[in-house]
S.K.: 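Can you keep this structure in mind? I'll have questions shortly.
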Protein chains: 2
Amino acid sequence: MELNTLDKGSHTPLYLQLARQLIRQIQSGVLKPGDKIPSERELSESLNVSRITSRQAIESLLKSGLIYREQGRGTFVAESKMHGIQGFSSFTEDIRSRGYQPGSKVIKQELVPVDEKCRQKLKMGPDELVLHLVRLRLADGEPIAIQYTHLPSRICPGLENEDLENRSLFSVLRDRYFIHPAWTEAEVRASNPTPEEADLLGIGLDEPVLVVDGVTFTESFDMVEVVRTVYNGKSISLYMGRQRLGLLV
Amino acid sequence: MELNTLDKGSHTPLYLQLARQLIRQIQSGVLKPGDKIPSERELSESLNVSRITSRQAIESLLKSGLIYREQGRGTFVAESKMHGIQGFSSFTEDIRSRGYQPGSKVIKQELVPVDEKCRQKLKMGPDELVLHLVRLRLADGEPIAIQYTHLPSRICPGLENEDLENRSLFSVLRDRYFIHPAWTEAEVRASNPTPEEADLLGIGLDEPVLVVDGVTFTESFDMVEVVRTVYNGKSISLYMGRQRLGLLV
DNA sequence: CAGTGGTCTAGACCACTGG
DNA sequence: CAGTGGTCTAGACCACTGG
């Protein structure tokens with residue numbers, strides 16, 4: 001296995017440079033499921049970094065479930081079915097993969113000053129603008145979710161004027177802005193809709209909705225969007241794929 | 001804030017001892033949401049450990065979402081409603097990592113013939129028995145979920161007679177049967193409780209519940225259990241960690 | 001036994017936040 | 001400016017796995 005030397009002068013931390021190299025090796029198939037990856041000591045010696053740095057790189061891949069460790073044996077590439085799976089894709093891709101025609105109706109699409117909560121999540125400066133997007137999402141024309149999206153306008157200038165009706169936001173980000181969403185971190189809960197949401201979804205105030213609060217990242221862990229999706233509880237369930245159990249305490 | 005000195009002779013790692021102390025401080029209300037917790041340096045000096053050890057303790061709480069860090073400002077106790085984190089571990093460990101005392105009340109614990117749905121999921125023979133377990137799950141004594149578990153009795157003979165009141169099923173599986181749950185595959189949706197569930201959870205029939213249907217595997221992909229967990233929607237949110245996006249389109 | 005990950009020490013410099 | 005978390009070094013001993 002070949003690894004490039006790391007750029008110690010770069011602004012990108014060494015452990016992230018190494019983590020990305022390992023991700024590429026796995027995605028390109030150089031490292032296959034079940035393969036043992038180099039030990040922390042091997043990595044640190046061959047790349048001239050400390051063991052803690054190589055360990056930090058490995059830990060960041062562990063979180064994503066791409067690899068797993070076994071004490072005394074080594075660190076291994078996880079079975080591909082363990083990660084990935086179609087659990088979280090874009091709404092458009094998700095709906096399409098279920099066999100429905102995806103669509104959306106734009107309710108709001110405007111630049112607003114960043115509020116404190118988004119600012120922290122997106123690591124933005126205090127005076128930056130975010131594009132605030134509210135869309136009613138449809139499957140075969142039926143409303144099944146409301147999506148509130150916040151994107152730093154810095155990374156997608158002009159998106160406030162783009163026509164997003166019936167288009168995938170992610171495909172616009174990829175094709176026009178060369179931003180490739182790769183990861184999402186989400187929190188899920190059951191709740192009731194607000195009166196506006198109930199109205200848009202055509203459901204009663206006491207019917208259940210599934211609320212997913214997420215943050216989306218690129219492969220290089222730059223944050224792309226903060227998004228809340230409110231699903232009509234009756235029309236959808238989310239498949240989570242294989243989750244590694246966190247057995248710590 | 002008082003912290004006990006750590007036991008360097010203990011088999012429990014120092015960082016875990018410290019992490020548990022911090023969890024208790026948060027649980028007991030000594031540390032409240034929004035409070036700043038001592039800095040890594042303060043902790044390491046007052047407890048006579050290295051900064052890396054105090055940092056490791058803080059990182060283990062970070063994963064559970066109990067706290068959050070802000071560079072240059074400090075580390076703070078998270079809003080208890082907003083964190084949620086660690087959605088997929090055993091219930092016991094999940095609740096404990098949130099700073100509550102886990103518990104359970106066994107409602108049903110009996111061997112039954114396998115039904116068709118379970119038989120397929122657990123890949124069992126047609127005449128095998130499953131242990132059917134229904135438990136009301138508690139956090140600090142408050143009912144927050146109902147859990148329906150099916151395990152092939154082949155892999156856990158005698159478990160029908162084990163006392164599971166207030167014990168972690170996973171810890172029994174590990175310690176007595178040497179079964180190590182490692183992965184879970186789940187489907188999540190929002191719904192309403194059945195009358196029995198509403199009664200057990202102490203909520204109304206039109207209040208939302210979060211239903212998680214899961215299958216648990218060992219590292220080697222042997223199926224361990226089929227489990228449905230019905231959470232009181234108001235008392236919990238699930239954190240999904242970092243999900244790789246499906247790159248379909 | 002050599003090799004692995006798990007834990008730990010005692011330092012260092014950096015970028016960032018607030019006053 | 002002093003304080004914070006973010007990254008990093010160069011070591012150490014431990015428990016565990018396999019041959």
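Quick note on labels: first sequence line is chain A, next is B, and so on, each numbered from 1.
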S.K.: Under the 3.5 angstrom rule, does the side chain of B/Ser44 hit a backbone N or O of B/Ser50 as a donor-acceptor pair?
M.R.: no
S.K.: Can a side-chain donor-acceptor contact be found between B/Ser237 and A/Glu187 if the only test is distance below 3.5 angstrom?
M.R.: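 Short answer, yes.
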S.K.: Classify the side-chain pair B/Gln147/B/Thr229 by whether it contains a donor and acceptor separated by less than 3.5 Å.
M.R.: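 A pair is found: one side chain offers a donor N or O, the other an acceptor, under 3.5 Å apart.
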S.K.: Check this for me, if you would: do B/Lys36 and B/Glu42 make a salt bridge, where the nitrogen-to-carboxylate-oxygen distance has to be below 4.0 angstrom?
M.R.: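 No, this pair does not count.
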S.K.: Pairing check on D/dC16: which nucleotide meets the Watson-Crick or G-U wobble criteria with it, both distances under 3.5 Å?
M.R.: C/dG3
S.K.: Would you give a per-nucleotide map of nucleotides 3-9 of chain D, 5' to 3', where B means the base has a protein non-hydrogen atom under 4.0 Å away, S means only the sugar-phosphate does, and - means neither?
M.R.: BBBBBSB
S.K.: Is there a donor-acceptor contact under 3.5 Å linking the side chains of B/Gln17 and B/Thr12?
M.R.: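 No, because no side-chain N or O of B/Gln17 sits under 3.5 Å from a partner of the opposite role on B/Thr12.
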